[in-house]
Each structure stands twice: as C-alpha cells, then as structure tokens.
Student: 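Have a look at this one before I ask anything.
Letters go in sequence order (proteins before strands), and every chain restarts at 1.
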Amino acid sequence: MALLSRLEKLKILADAAKYDASCSSSGSTTRDSRGGKGVGSSEGMGICHAYTPDGRCISLLKVLMTNYCMFDCRFCVNRISSNVRRARFMPEDLAQLTIDFYKRNYIEGLFLSSGIIKSPDYTMEQLIEVARILRVREDFRGYIHLKTIPDADPLLLAEAGRLADRVSINVELPTRSGLAKFAPEKDETRIRDAMASTRDQIIGWKQERKRIKSAPRFAPAGQSTQMILGADGASDSEVLRSSTDLYGSYDLKRVYYSAFSPIPDASKDLPLQRPPLMREHRVYQADWLWRFYGFGLQDLDTAMEGGMLPLDIDPKLSWALQRRDLFPIDVNSAAKEQLLRVPGLGTKSVGSILSARRHGRLRLADIGKLCRNISKIRPFIVTQDWRPTALLDREGLRGMLAPKPKQLELAL
Amino acid sequence: MRVVRLDHETDFDGWRGQARSLLVDGIPPQDVAWQVGTAQADLFGALERPLDPREPSRRLRVPKQFLSDAKLAICNRDPGRFDLLYRLLWRIQQTPELLTNTVDDDVYQFEKLIKSVRRDRHKMRAFVRFRSVKGEADTYVAWFEPEHHILEENAEFFVRRFANMRWSILTPEGSAHWNRERLAFGPGANRADAPDSDALEELWRGYYAAIFNPARLKVKAMTSEMPKKYWKNLPEAALIKPLMASAHRAEKGMIDAEATPAKRQANYEFAANPPES
C-alpha cells in the first residue's frame, strides 16, 4: 500500500470523526500560556473558529487516531465490515498537527477518538500518549477532549482524565436493546461503569481541590456522551427518559444527539434516508427545557403526541397549547418559574423582565424589546396594557403560532 | 453648547475625565457635543472652551459595573456613544439603579452597543488567522478587519494565548505587536503587509472540507455565526460554495449506493496489526 500523505490521512480521519457531534471547548479551568513555554489558553467561554455549511462549528481539531476498527457497530462508518479507506496517525503526528493548527488560531484544541486496534488498552494508551506529548512535553494549555475506549483498563481512564479537559464515552443508542442489536461488541453496563468511575473521580478531584488548591485536576470540563437518533426505533419519549437518566446518574455536562446520517458504504440494516434534522432540533430543545426551564419528564410527555415531539412547533409551545389552563401569565407579578414556561421567553428575557419590573409596571411594548417575536408571546401573557381575552381559547391558535413552512435551505 | 474633544476613538480616560467635570458643573447632556480629534470645528465651534479637569466637589455616583461596561461601549463605532454614556451617567445621579431597568431606552441602547462590541471581540478571537513569516522562527502575522475599535481591548487575549510566539495583528486602523515580552501598538496597515499564504492552509482546508457533513446542509446556521463579511480573510471560506454545490450529490450518492460486500477478514487483520505509518 502506498504511503499516505499527512493531508490524505487528515482527510480520511476527519471524515471518520465527523459523526460525533460534540465540539464544545467551554467550561474548563482558567489558564493561559504566560509563564510557560508552549501555547494555549482557556477562559471559560469556548470559541468556534469556523463554521461549515452544515451549520456546525469547528472549535476543536476533531479527528480519529485511526479508523481501523475491530468492532462492527452497524451505524458507524468505521465498522470493520465497511469498505472505507483506512489510515492511521502516530501520536507524534497528531501532537504536531494540533500545535500547528493552534498557533495559526484555527482551533481551541484537540478532540481525539479512535477506532479500536489491537486491544482496547493499546488504543487507549495511544490516545493518552498524544495528550501526554501535548501537555507534558509541549506544555500545551489549550483544550483536550479525549474519547475513552470501552473496556480499557480503569487506570488508563484515570490517566486520560488527568490530562484532558473533558472525557466522554458514547452510549450510542437510547435503548439497551438497540445497542445489543446494532453494536454487538459494546455493552451498556460496561459503558455505564466507565461513566460512573469518571463521575467519582471528578467528584474526588473537586473535594480534594477544596483542601489543596494544586490537587491534580481531573476532567475539569466534565464528561459528556452521545446517542444516535433515528437509527433504531426509539421514540422521543424513550430518548429523553434515557438522557435525563444519564444526566442524573453520571452528572454529565452534555448529552449530544446525533441524527443518524447516511454514511459512505452504509450497512443494509439501517434506514438510508435524509437525517431527521428537525427531530434532532426538537429533542435538543426538550433537553434544554429539562435542564434550564424546570420542565419535568411529565411536562415533556404532555408536549408529545404518541411519544414524539411535534416537528412543526417547538416543545414549549406544544406544552403550553396543551396546558392553556395555566395561562395567561401576568409578567408584572408572575414568579420566575412561571415566566420560564411562557413560549418565546428565554432565560435571558426572563432575567430582564424580573430586573425591569422593579422600576415600574411593564407594558406590551416593553416585553417587545426583550424578546424576539412579541406576536408569538402575546396570547400567553398579561401586561399593564394587554390581556389576551379569547385568544387563548381559539381553536386555530396552533396554526397561528406555528412557523410558516418554508424552503429548508436558501441559496446564499 | 459645550463642545468636548477627545483624543481618539477609544479615549475612555479622556471621556471619563471630561464627563466628571461636566457633571460637577451641572451641564445637562443635551448641552454637550462630543467630538473626536481636532479635525473640524462644527457649528458650535465658536462656543468651545477647554475644560479643566477638576476634582469633584460633591460625591458622584458611578457604579463600578457602569465604568467597565462603558469602556466596552466606547469601542463601538456608533458616533452617538459618548453622548449616550454621558446621558446615562447624568441620569444615574438621579436614579442609581437605572442600569437594571432593561426596558429604558437609554439602557436598552447601551446594552445593544456592548453586545455588538462583545460579539465583534469574540469573532476576532475566532477568525484571526495567523500566517507564519518565512525565515523567522515562530513568528506570525494576521490581517483582520474588525467592525468596531477593538484591537487594543482585545490584544491582551492574544498575549495570554500566544505568549511564547512573536506575532502581529494588522488592521486598517491600527496594529498590535507582541515580541514575547512587550505589547506595542502601531499605525494601521494594509492587507499586503501580511504574508499572502501559509503552507498549513492546505491542511486546514482539507480538514474543513472533510469535517463537513454534506447530508446536513444548513447554510443559514452557518452564515448567522460566520457572516459573509468575514469570509474574505478566512482561507477556508473559498470552499464554502463548492462544498454546498456538491453536497446534494454527495448525500444522494451515499443513500443510493449499494452496500459493497464487506471485507471483514482483511479489515480485521489490519485492525489487529495496524500499520505504523
């Protein structure tokens, strides 16, 4: 086989990595390159250095060490039975590439994952070696996200946590049966064991840090996971039950949802169709409602029809249309928790309302300044000069508030 | 009408000193005209007289948060910013909690200015592209065109991040230079003063194209975060149109393709004994 150039390898191994949605570089410890010998800083807020026409951001160099893999996960472009081109970077190559990109301000750091070669331990050791070269030899202070390999030795997982800002392991599918069917070599119990171990070590570091400020850090930006939407038959209700359970059990920073997307040389067992992007969007919105808006699973179920979130309207509006008995809400007197339930009001708008109403009674035009689209909010609120009377009882309210169907993509 | 002159577009210290004196003298905002530089006298130029900086004889109310926010707002290109800031300061004397009234027109406008500067600052941190200088070790130059006057405010970020490189950021209105010890500011520059290429850009473009998923085309999501005005200085942006054009074809190809017979055994051997290069 002819030797591949650095560019060819990069193309193959980035192509192989793009189905992992995570690209976050936020929420780590604050640090910078002053007083060191390398490059890099992290100041809490992540930075997206570019956007591709799929609307996704490039924050990290997201790449696989190799796309050779011994596993045969049906949904994965790198599964053993796929005929994609294969390549492999050595740890030294990857460390150098990361620094070359970082110095030109293309990236915030590295998100490294890999197909499984030789053995889980060997693969994990190789990933750790990249992080070690960067952190120890090059004094790299940018962001590192390491994917941990299922079934790797817990000591290796611990080493990964000490070098990386974030570690993650993918649950892959929302249900145990889905995983058994489509990822026969993976085992949900062992994936969850790895998450539990990471959670305990992060908690341990945080406690240690209270006593000794210089305690060796452990994945300060936390852990995350990803599940694929639309590869198995799981409903939105099942997806959200699974993700909220994961958030609660393992103190995850994020659960990423990835609409199953056609891949080159796809397995015949899977739906080959356009990825359900709108479904993915609605599931993310519901995830947000659960994490930041005080919505419980029951509320999310209320927003669904037959276990699925509606695609034409957002889940908060869907919930509100089912619970019209709770509206209208008076913006001049309602509690924060109530305001967060109003369709069209985000956490920031709610903060502004609470702050502004200490100065005087708010009128509809005032609310108009604080939100994007007052006509969508109007049916659900009372202000000094506005009360929605019969609007809430209208049969056609949903039709009035649903966004008009439009061409999904407009030319530039 | 008092005409007050500031030394330059982001002369925060000048603004603060003058505003304090005006406040002490009890000059209401509608009687003040703020001007930058000595360019030209306006209609009221005749009435101009320099203000002596003076110590306030009575206690002025200046919330700390207002000063740090005002420092950001002054970076905004909006010509009315000095006026607005003085009006806010004037009103804060009567209403100390004014800034929490988010629906007040002045506060609302103030927040809009700050938000726009913050966004521009963030985009500069994101979209500056350094090019290495041939023949000089670890030396990099970038050409960037910010929307607001943020170069000086933002340069410290690049110092923190790239403390051990030598670098310059050139913009039409000014330039920042870091020699691993000291940050210096110089005059504006031209695009031609920066290197016109970098060998790494081929790899970067290769990465950009490969990480794009043609089955998920969402152009509006891209342009809202990476508006077209930035494209001309991004080496990867030349790929956007060709990638969009080929996206539907690429996606359809993947959907229509018959799965080829799996080379399971051969792949397994490679995975068990992967090549080292």
Student: Out of B:Val107, B:Asn273, B:Val128, B:Leu243, which one racks up the most heavy-atom pairs below 4.5 Å with chain A?
Tutor: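 Result: the option with the highest number of such pairs is B:Val128.
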
Student: Identify which part of A:Gln273 has an atom lying under 4.5 Å from any heavy atom of chain B, answering side chain, backbone, both or neither.
Tutor: backbone

Student: Tell me, for B:Phe158 versus chain A, whether the close heavy atoms (under 4.5 Å) come from the side chain, the backbone, both or neither.
Tutor: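 Looking at B:Phe158, just its side chain touches chain A.
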
Student: With a 4.5 angstrom heavy-atom cut-off, is it the side chain or the backbone of B:Glu225 that approaches chain A, or both, or neither?
Tutor: both

Student: Go through the atoms of A:His49 and report whether side chain, backbone, both or neither lie under 4.5 Å from a heavy atom of chain B.
Tutor: both

Student: I'd like to check the side chain to side chain contact (heavy atoms under 4.5 Å, CB included) partners of A:Ala14; sequence neighbours left out, ordered by chain and number.
Tutor: B:Tyr207, B:Ala210, B:Ile211

Student: Pairing donors with acceptors under 3.5 angstrom, does anything connect the side chains of A:Thr66 and A:Ser114?
Tutor: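 Per modelled atom types, A:Thr66 and A:Ser114 side chains form no pair under 3.5 Å.
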
Student: Under a 4.5 Å heavy-atom cut-off, does chain A meet the side chain of B:Phe162, its backbone, both or neither?
Tutor: both

Student: Check whether B:Leu239 gets within reach of chain A through its side chain, its backbone, both or neither, counting any heavy atom under 4.5 Å.
Tutor: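 The answer is neither part of B:Leu239.
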
Student: Would you please go through residues 132-145 of chain B and name the residues with a non-hydrogen atom below 4.5 Å from one of chain A, in numerical order?
Tutor: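 Heavy-atom contacts from residues 132-145 of chain B to chain A are B:Ser132, B:Asp138, B:Tyr140.
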
Student: Under a 4.5 Å cut-off applied to non-hydrogen side-chain atoms, are A:Arg6 and A:Leu97 in contact?
Tutor: yes

Student: Side chains of B:Arg191 and B:Asn233: donor-acceptor distance under 3.5 Å anywhere?
Tutor: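 A donor-acceptor contact under 3.5 Å links the two side chains.
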
Student: Report the residues that fulfil side chain to side chain contact (heavy atoms under 4.5 Å, CB included) with A:Pro91, sequence neighbours left out, ordered by chain and then residue number.
Tutor: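 Listed in chain order: A:Gln126, A:Glu129, A:Val130, A:Ile133.
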
Student: Tell me, yes or no, whether the heavy-atom count around A:Lys118 atom NZ, taken from other residues, nucleotides or ligands under 6.0 Å, exceeds 12.
Tutor: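 Counting neighbours around NZ of A:Lys118, more than 12 heavy atoms of other residues, nucleotides or ligands fall under 6.0 Å, so yes.
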
Student: Sort out for me which of B:Phe127, B:Tyr208, B:Phe130 touches chain A most, counting heavy-atom pairs under 4.5 Å.
Tutor: B:Tyr208

Student: Within 45° of the axis and under 6.0 Å from the centre of the six-membered ring of A:Phe111, does NZ or CZ of A:Lys62 qualify?
Tutor: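 So A:Lys62 doesn't make the cation-pi contact.
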
Student: Using distance alone, with no hydrogens and no angle criterion, decide if B:Arg129 and A:Asn105 have a side-chain donor and acceptor under 3.5 Å apart.
Tutor: no

Student: Measure A:Ile80 against the heavy atoms of chain B and call it side chain, backbone, both or neither at under 4.5 Å.
Tutor: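 For A:Ile80, the contact with chain B is made by backbone and side chain together.
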
Student: At a heavy-atom distance under 4.5 Å, which candidate from B:Glu97, B:Lys123, B:Arg131 has the highest pair count against chain A?
Tutor: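 It is B:Glu97.
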
Student: Do we see a donor-acceptor contact under 3.5 Å between the side chains of A:Ser22 and A:Asp20?
Tutor: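 There is no such pair between these side chains.
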
Student: Report the residues that fulfil side chain to side chain donor-acceptor pair (under 3.5 Å) with A:Asp15, sequence neighbours left out, ordered by chain and then residue number.
Tutor: A:Lys18

